[in-house]
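Chain letters run A, B, ... following the sequence lines, proteins first, then strands; residues in each count from 1. Being a predicted model, the structure only gives us computed values, none of them experimental.
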Protein chains: 2
Amino acid sequence: MLGNPIRDRRAERREATRAEILDAAWEMVRSEGLAGLALRDLARKVGMQAPSLYSYFDSKHAIYDAMFAQGARAYLERESLIPTTGDALTDLRAGLRSFIGFCTEDPARYQLLFQRTIPGFEPTPETFAIAVAGLERLKDRLAGIGVTDPRSVDLLTAIGTGITDQQISNDPGGGRWSRLVDDAAEMFCNHMNATPNPPRRNRK
Amino acid sequence: MLGNPIRDRRAERREATRAEILDAAWEMVRSEGLAGLALRDLARKVGMQAPSLYSYFDSKHAIYDAMFAQGARAYLERESLIPTTGDALTDLRAGLRSFIGFCTEDPARYQLLFQRTIPGFEPTPETFAIAVAGLERLKDRLAGIGVTDPRSVDLLTAIGTGITDQQISNDPGGGRWSRLVDDAAEMFCNHMNATPNPPRRNRK
DNA sequence: CTTGAATCCGAACGATGTTAGGGAATCCGA
DNA sequence: TCGGATTCCCTAACATCGTTCGGATTCAAG
């Protein structure tokens, strides 16, 4: 009952072709930009004609969705590889730096995951759930230092994506920005230490 | 020598039509999204055919550029309207809140100004200079509390755009986010107070 | 050998930004 | 008032895009 070996070989080949298409798509997207993915070029890159792609993906957006899933999974994997020191604060800093590093090392992937830049595209709920799971890891790191306010998580990712965005569009060189990441982590941790669950403060 | 009155009327009419086109473009962009601007629809909206637009703008990107300039000027104007209290810290907070308010009140404008989301589009140097002048105002506010490190300005705008981005894509309602802005300003000011020109700190 | 599904291709559709060429109004100098 | 130039707007068309259609080709299953 464990699957016909011939059908398996079929499915295996199909899956291999899908992977080949996605690899080529990543390559195009990294060199031409996220919006530079043209189906005719993509098809030629894997040795077929444009309409043939529709045997493997329902639409161009379906290709983006599959790439989104790959990207989100890559972050999950990266998160799990961060060494834990036992000190919650150090681990939080490591998590933030990892997050921003992940974002900046591949601008196209960052744009796909964290910006709504492709006109009609929204990731599938199942696909989006993978990304949510990744941010859950960051949330856990915050919980490690006693911060459970959901606003804090939002603020953390906001800082992360904000820095990434500035970095990508303004600073090709990047020496200055990596230190900026440190400053942001520092600042965030200081704030969190000062007010673990920040109450509303009267200002005037 | 002060310009033929007839030529002036010509130029005046031309400028009025340009403005009408841009107004219609903003309307389309706000309802259909930044990428939803179709020249044929835009032309019909102002009572002409698509190619006629090329009498007023060299290309679609030129329209985006003009819109960028309008948006940047709008920020400059808004900045100049913030009441100054004399307390530099309060003024800085007001500046940050104004910045984020400006970004969030019109997502399409924010996307045009602060994200590189239109495939081939880069603002003209002159146009971009307007936006730079706007951020210069924020820099002045930082200088007001004794912070001159350019990294701090980058960090401030990074936090601003990051929060805006999260807010736009995640939170249509928005009650939670407006308080988040306060927290961010608070956090930023605390950090800046602690380390006006933040030195590298040994951590371990 | 035949059936039927999966895969691939050529042609074509609608929509996009853009260009070419012509016609009509308007303004200018004579 | 009359030509010539300029400006504005149009129809037609082009290249490119994602996508659909219909027909081949392939290949395992009955």
For [X] and [Y], indicate whether the former's side chain and the latter's backbone hold a donor-acceptor pair under 3.5 Å.
X: A:Arg109; Y: A:Phe102; result: yes
X: A:Arg18; Y: A:Tyr56; result: yes
X: A:Arg14; Y: A:Ser55; result: yes
X: B:Arg40; Y: B:Ala50; result: no

(message) Between A:Ser52 and C:dC9, is there a contact of a side-chain N or O with OP1 or OP2 at under 4.0 Å?
(response) yes

(message) When you measure from the side-chain N and O atoms of A:Tyr54 to the phosphate of D:dT19, is any distance below 4.0 Å, counting only OP1 and OP2?
(response) yes

Take atom [atom1] of [X] and atom [atom2] of [N], then tell me their distance rounded to the nearest Å.
X: B:Leu42; N: C:dT18; atom1: CG; atom2: P; answer: 12 Å
X: A:Ile63; N: D:dG18; atom1: CD1; atom2: C1'; answer: 11 Å
X: B:Gln49; N: C:dG22; atom1: CD; atom2: C1'; answer: 15 Å
X: B:Leu53; N: D:dC9; atom1: CG; atom2: P; answer: 9 Å
X: A:Arg14; N: C:dT7; atom1: CZ; atom2: C1'; answer: 10 Å
X: B:Phe57; N: D:dC8; atom1: CZ; atom2: P; answer: 12 Å
X: B:His61; N: C:dT18; atom1: NE2; atom2: P; answer: 7 Å
X: A:Asp65; N: D:dG18; atom1: CG; atom2: C1'; answer: 17 Å

Any non-hydrogen side-chain atom of [X] less than 4.5 Å from a side-chain atom of [Y]?
X: B:Ile82; Y: B:Arg97; answer: no
X: B:Val147; Y: B:Leu92; answer: no
X: B:Leu112; Y: B:Phe121; answer: yes

(request) Can you label the angle between the A:Phe99 ring and the A:Tyr75 ring as parallel, tilted or perpendicular, going by 30° and 60°? (result) perpendicular

(message) So if I take every side-chain heavy atom of B:Leu39 and compare against C:dG17, C:dG10, D:dT20, which nucleotide ends up nearest?
(response) C:dG17

(request) Can you figure out which of D:dC10, D:dC8, C:dT7 approaches the side chain of B:Met48 most closely? (result) D:dC10

(message) Please give me every residue in residues 22-38 of chain B whose heavy atoms get under 4.0 Å of an atom in DNA chain C, ordered by residue number.
(response) B:Leu37, B:Ala38

(request) Take atom CD of B:Glu105 as the centre, draw a 6.0 Å sphere, and report whether it contains more than 12 heavy atoms from other residues, nucleotides or ligands. (result) yes

(message) Between A:Tyr64 and A:Leu34, does the side-chain contact (heavy atoms from CB on, under 4.5 Å) criterion hold? Intermediate values first, please.
(response) CA-CA 9 Å; A:Tyr64 280 131; A:Leu34 192 53; 3.9 Å; yes

(message) Could you write out DNA chain C as dot-bracket? Rules: Watson-Crick or G-U wobble, both distances under 3.5 Å, brackets [ ] for crossings, | for pairs with another strand, dot for unpaired.
(response) ||||||||||||||||||||||.|||.|||

(message) Here's a test of your reading of the structure: between A:Lys60 and B:Pro51, which maps to the more 5' nucleotide of DNA chain D?
(response) B:Pro51

(message) Heavy atoms only, 4.0 Å cut-off, all strands: where does A:Arg40 land among base, sugar-phosphate and nothing?
(response) base

(request) Describe the nucleic acid contact of A:Tyr56 in one word from base, sugar-phosphate, nothing, applying a heavy-atom distance below 4.0 Å. (result) sugar-phosphate

